[in-house]
Amino acid sequence: MAEIITRFAPSPTGNLHIGSARTALINFITKSKNINSKLYLRIEDTDKERSTEEFKDNILSSLKWLCIDWDNEPQIQSQNINRHCEIANKLLTDNKAYKCICSENELNERREKINSGKITSKKICVSCENNKEVQSLKKDYVIRIKIPIDGNEILEDIIQGSVEVDNSEIDDYVLIRKNGTPTYMLSVVVDDHDLGVNFIIRGDDHLNNYFRQKFIYEYMNWKVPNYAHIPLIHGEDGSKLSKRHGAVNLMDLKAQGYLPDAIINNLILLGWSPKNQDDEIIQLDNIISKFDIKDLSKSASIFSYKKLDYFNNYYLRQEKNLGLFIDYCQSNLHLQKYIMQDKEKIIRIFNTYKKDISKYEEMIKIAEIYFNINFEISKNEQFQEDFNNYFNDFFKLINKIKKWEYEIINLEIKDFLKKNNIKFPILGKPIRYLLTNDYNGPSITDIFMILGKKQSLERLNKYKI
RNA sequence: GACCCCUUCGUCUAUCGGUUAGGACACCUGGUUUUCAUCCAGGAAAGAGGAGUUCGAUUCUCCUAGGGGUCGCCA
């Protein structure tokens, strides 16, 4: 693929969300295919009311956590306001824009007529453009771009194909607000141009914006970039992914114990799949070499937590990712206590249980069983006579073991079962219950190993026939 | 409502006019197992509907239906 200059341009009005993360990811992958390509990060903070420093930091750290890297320092859009205004004034003097003083009420009335079909033109302001008095005002006006009434525009989108919209569908949108600040529509175009962006990858909720923004490029005689409008991600119910579908912020997913590899693997498979591959496990380096944005599907896809869980389980089980679990423990209030108390023990618990969990968070409850010094079984039930007959002998046997090693314990248990000619469940299930408060779970040898001899005997000792 | 986009198993997808429509997750069954699980093997499960074009349509065209996006002095 040729050299591209692309960008990811979130507004710091919320935490980084799975949908935006996917856009960032696709930008990153696309730029990573060519060593000379660039990805810039621009914080679009022109809405000062809703933008915060916290959200900005959240976005930056979420991207870093996902291993999405960008070139140069992040750009802060609000620092370029003068430049944006300069362009707006240029458009004004070139007669490509005009001042407008319509009140909110006037605009609303007009808008209502347009939307109800009473007026076919999308022109929102009809009185200001040719009003000399308005055009010579020095303050208290907005600047609107002039969109021709006739003609149409065709976008050759990398993903959407060719899309045609009549100019009559486009309104004279605002470039400069009444308070003198530039709007998103102006700022994006100016900043993208100034950065040399030649390839824009963004959500297809922006598709319609192409037909507006295009005019600024045209009026300024700037080269129009290529566009790839990627389909949005939906929740299980088919609507745009949002909070009510579950955790959608990257940092929330991190806190639950999801891994970047799993999230990336899951996200990239929405709308794309690697060729000639039966399984769906694929990591960033491999994605970068196989992915081509042209292959991305045009239709929206549903984000599934079940599939994310599958990928996460796969990655957290990898031996090489054990370090990530340790990092997680150190950042988690509950697990922190345990790892400080006995690191080896928490690792042993994790290795025993990792096939059963889909995210690290689930380890909290499990670790609690083994670290609780006041452990009690929930009901002191009496087991079958069969079990009671053997319990004391079994207790003595365990007590007798000197070398507390997996193979030794395992052999002793097998031997005991054989000698007494009993099936495992009769002995094993109640034993597991006494040790973990659960009839099901890991092999009792594993449980003995986790608890250690002293604690194992303590727990067994509480049982009175 | 107007404009734009989308439509293959429940979900994510493969198929670039001729296939027993393939895979993955989830689900079900069986096997291994020291219970539960893991693991292994197998199974059920799809071209929204209707017209055309064609010797032949999931694939190309049109219509209908359904879904989504946009319609701000937000981005």
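The shown structure was predicted, so the numbers you read here are calculated from the model rather than taken from an experiment. Below, read A as the first sequence line, B as the second, and so on, with proteins coming before strands; counting in each chain starts at 1. Quick note: numbers below take in every heavy atom, side chains included, and nothing from hydrogens, waters or symmetry partners.
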Exercise. Mind checking who rA2(B) pairs with, Watson-Crick or G-U wobble, both distances under 3.5 Å?
Worked result: rU70(B)

For this session: Hey, which sits more toward the 5' end of RNA chain B by its nearest nucleotide, Asp166(A) or Asp205(A)?
Result: Asp166(A)

Exercise. Is the distance between the ring centroids of Phe303(A) and Tyr305(A) less than 6.0 Å?
Worked result: yes

Seminar exercise, completed: In whole angstroms, the gap separating C1' of rU13(B) from CD1 of Ile287(A) amounts to 15 Å

Exercise. Taking atom P in both rG43(B) and rU61(B), what distance in whole Å separates the two?
Worked result: 36 Å

Seminar exercise, completed: Test salt bridge (Lys or Arg N to Asp or Glu O under 4.0 Å), reference Asp172(A), set Arg144(A), Lys123(A), Lys146(A), output is Lys123(A)

For this session: May I ask you to say what Cys125(A) touches in the nucleic acid, namely base, sugar-phosphate or nothing, with a heavy-atom cut-off under 4.0 Å?
Result: nothing

For this session: Using a heavy-atom cut-off of under 4.0 Å over every strand shown, decide if Gly428(A) touches base, sugar-phosphate, or nothing.
Result: nothing

Exercise. Using the C1' atom in both, what is the distance from rU38(B) to rU32(B), to the nearest Å?
Worked result: 11 Å

Exercise. Is there a Watson-Crick or G-U wobble partner for rU19(B) with both distances under 3.5 Å, and if so, which one is it?
Worked result: none

For this session: Both distances under 3.5 Å, Watson-Crick or G-U wobble: report the partner of rA14(B), or none.
Result: none

For this session: Check Lys354(A), Arg348(A), Lys355(A) against Asn351(A) for a side-chain contact (heavy atoms from CB on, under 4.5 Å) and give me the one that passes.
Result: Lys354(A)

What's touching nucleotides 6-12 of chain B from the protein side, N or O pairs under 3.5 Å?
residue	atom	partner	partner atom	Å
rC6(B)	OP1	Lys298(A)	NZ	2.4
rC12(B)	OP1	Ile302(A)	N	3.1
rC12(B)	O2'	Leu269(A)	O	2.4

Could you go over nucleotides 38-48 of chain B and give all protein N or O partners under 3.5 Å, atom names and distances?
residue	atom	partner	partner atom	Å
rU38(B)	O3'	Arg317(A)	NH1	3.4
rU38(B)	O2'	Arg317(A)	NH2	2.8

Exercise. Can you tell me how far C1' in rC4(B) sits from the matching atom in rA14(B), rounded to whole Å?
Worked result: 28 Å

Problem set entry | Per Val142(A) side chain, nearest of listed nucleotides rG68(B), rC73(B), rU34(B) | rC73(B)

For this session: Please determine, for the side chain of Arg212(A), which listed nucleotide (rG68(B), rC71(B), rU34(B)) has the closest atom?
Result: rC71(B)

For this session: Please state the P separation for the pair rG22(B) and rU15(B) - nearest whole angstrom.
Result: 14 Å

Exercise. What distance, rounded to whole Å, do you find between the two P atoms, one in rG10(B) and one in rC6(B)?
Worked result: 22 Å

Exercise. What nucleic acid atoms does His229(A) come within less than 4.0 Å of, heavy atoms only: base, sugar-phosphate, or nothing?
Worked result: nothing

For this session: Would you tell me whether Ser78(A) and Asp45(A) have side-chain atoms, one donor and one acceptor, within less than 3.5 Å of each other?
Result: yes

Exercise. Reckon Pro10(A) touches a base, only the sugar-phosphate, or nothing at all at heavy-atom distances under 4.0 Å?
Worked result: nothing

For this session: Indicate whether OP1 or OP2 belonging to rC73(B) is found under 4.0 Å from a side-chain N or O atom of Arg144(A).
Result: yes

For this session: Please work out if Asp438(A) contacts a base, only the sugar-phosphate, or nothing of the nucleic acid, heavy-atom cut-off 4.0 Å.
Result: nothing

Exercise. Regarding Arg42(A) and the six-membered ring of Phe8(A), is the cationic atom NZ or CZ under 6.0 Å from the ring centre and inside 45° of its axis?
Worked result: no

Exercise. Just how far, in rounded Å, is C1' of rU70(B) from CD of Gln213(A)?
Worked result: 13 Å

Exercise. When we call it a touch if two heavy atoms are under 4.0 Å apart, what does Asp47(A) touch: a base, just sugar-phosphate, or nothing?
Worked result: sugar-phosphate

Exercise. Nearest-Å distance, CZ (Phe211(A)) to P (rA2(B))?
Worked result: 19 Å

Exercise. Which is true for Leu427(A) with a 4.0 Å heavy-atom rule: it touches a base, it touches only sugar-phosphate, or it touches nothing?
Worked result: nothing

Exercise. Which whole number of Å gives the distance between the C1' atom of rC55(B) and that of rG50(B)?
Worked result: 23 Å

Problem set entry | Closest to side chain of Lys240(A), choosing from rU70(B), rA75(B), rC71(B) | rU70(B)

Exercise. Nearest to the side chain of Asp278(A) - rG23(B), rA75(B), rU35(B)?
Worked result: rG23(B)

For this session: Please check if the distance between the ring centroids of Trp70(A) and Tyr40(A) is under 6.0 Å.
Result: no

Problem set entry | Candidate nucleotides rU35(B), rA2(B), rC4(B), ranked by approach to the side chain of Glu169(A) - the nearest | rA2(B)

Exercise. Nearest-Å distance, CD1 (Ile176(A)) to C1' (rC73(B))?
Worked result: 11 Å

Exercise. Paired with rC27(B) by Watson-Crick or G-U wobble geometry, both distances under 3.5 Å: which nucleotide is it?
Worked result: rG43(B)

Problem set entry | Proximity of His206(A) and Tyr184(A) rings by center, below 6.0 Å | yes

Exercise. Given the C1' atoms of rG31(B) and rA65(B), what is the spacing between them in whole Å?
Worked result: 47 Å

Exercise. Just checking, is any N or O donor in the side chain of Asp309(A) or Tyr258(A) under 3.5 Å from an acceptor N or O on the other one?
Worked result: yes

Exercise. Does the gap between the ring centers of Phe394(A) and Tyr390(A) come in under 6.0 Å?
Worked result: no

Problem set entry | Pairs involving residues 14-23 of chain A, ordered by first then second residue, that meet side-chain hydrogen bond (donor to acceptor under 3.5 Å, both in side chains) (sequence neighbours left out) | Asn15(A)-Asn58(A)

For this session: Would you indicate whether Glu156(A), at its atom CD, is surrounded by more than 12 heavy atoms from other residues, nucleotides or ligands within a distance under 6.0 Å?
Result: yes

Exercise. Looking for any heavy atom pair under 4.0 Å, which part of the strands does Glu164(A) touch: base, sugar-phosphate only, or nothing?
Worked result: sugar-phosphate

Exercise. Base, sugar-phosphate alone, or nothing: which one does Ser443(A) contact when heavy atoms must sit under 4.0 Å apart?
Worked result: base

Problem set entry | Ser239(A) vs Arg50(A), nearer the 5' end of RNA chain B by closest nucleotide | Ser239(A)

Exercise. Out of rC73(B), rA75(B), rA2(B), which nucleotide sits closest to the side chain of Arg111(A)?
Worked result: rC73(B)

Problem set entry | Distance test, side-chain N/O of Thr46(A) to OP1/OP2 of rA75(B), below 4.0 Å | yes

Exercise. Okay, side chain of Asp166(A), backbone of Ser168(A): is any donor-acceptor separation there less than 3.5 Å?
Worked result: no

For this session: Just call it for Lys306(A): base, sugar-phosphate, or nothing, with non-hydrogen atoms closer than 4.0 Å on any strand.
Result: sugar-phosphate

For this session: For rA21(B) versus rC28(B), give the span between their C1' atoms, rounded off to a whole number of Å.
Result: 22 Å

Seminar exercise, completed: Closest to the side chain of Tyr310(A), out of rU13(B), rU15(B), rC25(B), is rC25(B)

Exercise. Considering only side-chain heavy atoms of Asn440(A), which listed nucleotide, rC73(B), rC36(B), rA26(B), is closest?
Worked result: rC36(B)

Exercise. Within a radius of less than 6.0 Å around CD of Glu112(A), do more than 12 heavy atoms belonging to other residues, nucleotides or ligands occur?
Worked result: no

Exercise. Can you list the residues that meet the side-chain contact (heavy atoms from CB on, under 4.5 Å) rule with Glu164(A), with sequence neighbours excluded?
Worked result: Asn152(A), Ile154(A)

Exercise. Can you list every ring pair (Phe, Tyr, Trp, His ring centres under 6.0 Å) pair that touches residues 229-248 of chain A, not counting sequence neighbours?
Worked result: Tyr227(A)-His229(A)

Seminar exercise, completed: In numerical order, the residues of residues 152-159 of chain A whose heavy atoms come under 4.0 Å of RNA chain B are none

